[in-house]
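Below: the structure, in structure tokens.
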Protein chains: 2
Amino acid sequence: MDFFENFDGVQGGNYLGFQGVVPSSSLILNNERGELMMNPSRQKMGDADKALIALRNHSNAERRRRERINAHLATLRTLTPGTTKMDKAGLLSEVINQVKSLRENVAEATKGTVVPSDIDEVRVEEEEDPNDAASTSIRASLCCDFKHELLSDLREAVDALPHNDVRAEISTLGTRMVSVFVITGLKSQVQPLVDSIRQTFRSILDKFYASEEFSSRSSSSKRRRVSSLFASSGSSSGLF
Amino acid sequence: MDFFENFDGVQGGNYLGFQGVVPSSSLILNNERGELMMNPSRQKMGDADKALIALRNHSNAERRRRERINAHLATLRTLTPGTTKMDKAGLLSEVINQVKSLRENVAEATKGTVVPSDIDEVRVEEEEDPNDAASTSIRASLCCDFKHELLSDLREAVDALPHNDVRAEISTLGTRMVSVFVITGLKSQVQPLVDSIRQTFRSILDKFYASEEFSSRSSSSKRRRVSSLFASSGSSSGLF
DNA sequence: CTGAACACGTGAGGC
DNA sequence: TGCCTCACGTGTTCA
């Protein structure tokens with residue numbers, strides 16, 4: 001195996017690696033990038049020279065690709081705690097765990113977010129399924145003042161949904177309520193369903209507005225969760 | 001470059017690759033794993049044979065390492081939507097973006113979670129800093145009935161904290177309140193601070209209990225956010 | 001045909 | 001010593 005001998009001191013299997021010195025007189029080093037070019041003083045290039053320049057460009061490109069990947073791995077390492085001095089594979093497996101646990105966290109956290117706000121709104125949006133990238137899910141919510149009459153309408157709406165996998169939930173807080181539908185396991189044709197649900201929810205909300213018949217319309221001053229920072233000096237904040 | 005000729009059809013630079021046939025009579029193929037062993041019928045092994053077996057084991061080990069890494073990359077690809085048919089580097093950069101956005105999501109979601117619950121509790125916990133893996137942060141919360149007298153005690157507590165980077169917030173809901181302190185930028189010695197804060201909060205809560213002087217102690221029946229699933233049949237849920 | 005992306009085997013170096 | 005991880009240059013394939 002002596003034709004594989006390293007004659008420059010660089011690491012790795014640098015079989016035809018020359019550190020900036022080119023053995024053929026018809027080749028020259030490109031100034032901007034460390035790639036090989038034909039020497040302009042020559043007119044023709046031998047096949048051996050062409051092979052050399054191609055090989056050199058190839059190895060340079062491959063090095064750049066490696067650097068790109070390793071840079072991303074380094075970024076992931078800074079983003080993932082406790083992965084310094086860790087194996088490449090170990091780092092990746094740790095990243096996998098982190099992504100999974102982050103998804104569980106955000107799922108748990110958004111689960112607690114079903115608290116009715118003080119503004120009326122209907123939101124229907126498609127969201128990714130954490131466990132299966134191929135299938136998506138729809139999350140539809142309607143937030144408004146609480147009314148018994150709405151419940152039967154909502155039940156009609158949820159019964160009209162395709163029975164893939166439907167979860168429905170209602171939260172109330174004081175006079176406010178929010179109803180959330182989550183339909184999972186959709187494989188395709190999501191957008192029509194999104195539009196349909198949005199229209200249904202909006203008509204329910206409109207019907208609710210009509211039934212209110214302009215009673216106590218302005219300055220409703222709904223109860224509100226108050227949240228404030230400490231005043232920076234003195235403890236006589238206006239809130240308390 | 002004809003000494004690099006591929007004489008077996010396998011892909012890649014298999015320089016001394018013989019597909020199961022060993023050119024030296026003193027070597028034999030191990031049955032369980034595709035590694036090279038010494039032929040038991042021989043007594044001694046030449047140095048060339050030893051070099052061959054070492055090389056073969058080395059390349060096999062390297063292949064296993066590659067497979068391990070690529071398996072993790074494949075897992076990440078299934079976990080990250082829209083990364084099929086994507087570059088290795090592109091996949092990693094997408095994973096980075098996903099981790100970052102997931103962290104923002106969970107930060108936003110947990111930010112909305114500062115709604116006082118109906119159980120009294122003090123929680124002090126160390127949590128990771130998303131932007132900097134080297135530094136951690138402490139999140140301390142105290143949840144109880146609202147009392148003006150608590151506020152001065154809380155202000156004392158927040159003033160006593162080391163002024164690294166302190167964020168304090170109070171939320172009230174009806175008769176309930178929750179106070180949250182977040183101290184960021186801690187580099188070390190976190191646990192003593194955690195213990196100190198926990199003790200401070202608990203003493204505040206104890207002081208609050210003492211000031212209540214056993215008034216209206218049992219069956220306090222605090223107001224509660226109601227959250228329920230639809231009953232699976234009939235619309236006469238007891239709730240409504 | 002050029003360039004990009006991948007798997008491969010190999011040398012270096014760390015325990 | 002032996003085993004492991006990493007970077008390197010190379011062969012191959014695909015757009």
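Bear in mind that the values here come from a model prediction, so they are computed numbers and not experimental data. We name chains A, B, ... by the order of the sequence lines, and we start the count at 1 in each one.
In this structure the side chain of Gln98(B) never reaches within 4.5 angstrom of the side chain of Thr83(B), judged on heavy atoms.
For Arg66(B), counting side-chain heavy atoms from C-beta on, the closest listed nucleotide (dC8(C), dG9(D), dC6(D)) is dC8(C). Comparing dA5(C), dC8(C), dG11(C) against the side chain of Arg68(A) picks out dA5(C) as the nearest.
A salt bridge links Arg65(A) and Glu62(A); the closest N-O separation between the charged side-chain nitrogens and carboxylate oxygens is under 4.0 Å.
One interatomic measurement links the two molecules: CG of Leu91(A) to P of dC4(D), which rounds to 20 Å at whole-angstrom precision. The interatomic distance linking Lys88(A) (NZ) with dA7(D) (C1') rounds to 8 Å, in whole Å. Spacing between atom NE2 of His58(B) and atom C1' of dA7(C) amounts to 15 Å, rounded to whole angstrom units. As a whole-Å value, the separation of Lys85(A) NZ from dG13(C) P is 17 Å. With rounding to whole Å, Leu55(B) atom CG is found 8 Å from dG9(C) atom C1'. A straight line from CD1 of Ile69(B) to C1' of dA7(D) spans 12 Å, rounded to a whole angstrom. Between the CE atom of Met86(A) and the P atom of dT5(D) there is a distance of 13 Å, given to the nearest Å. The separation between Asn57(B) atom CG and dT10(C) atom C1' is 14 Å, rounded to whole Å.
In this structure, Asn70(A) reaches the dA7(D) phosphate: one of its side-chain N or O atoms is under 4.0 Å from OP1 or OP2. At least one side-chain nitrogen or oxygen of Arg65(A) sits closer than 4.0 Å to the OP1 or OP2 atom of dC6(C).
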* Worked verdict on Asn70(A) versus Lys88(A) for side-chain contact (heavy atoms from CB on, under 4.5 Å) -> CA-CA 9 Å; Asn70(A) 286 342; Lys88(A) 231 180 220 180; 3.4 Å; yes
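With Thr200(B) contributing its side chain and Ser196(B) its backbone, the two residues share a donor-acceptor pair below 3.5 Å.
Gln191(B) and Asp195(B) are linked by a side-chain donor-acceptor pair at a separation below 3.5 angstrom, with hydrogens and angles left out of the test.
Along DNA chain C, the nucleotide nearest Ala89(B) and the nucleotide nearest Ser59(B) are compared for position; the residue whose nucleotide lies closer to the 5' end is Ala89(B).
Side-chain atoms of Glu62(A) and base atoms of dC8(D) include no donor and acceptor less than 3.5 Å apart.
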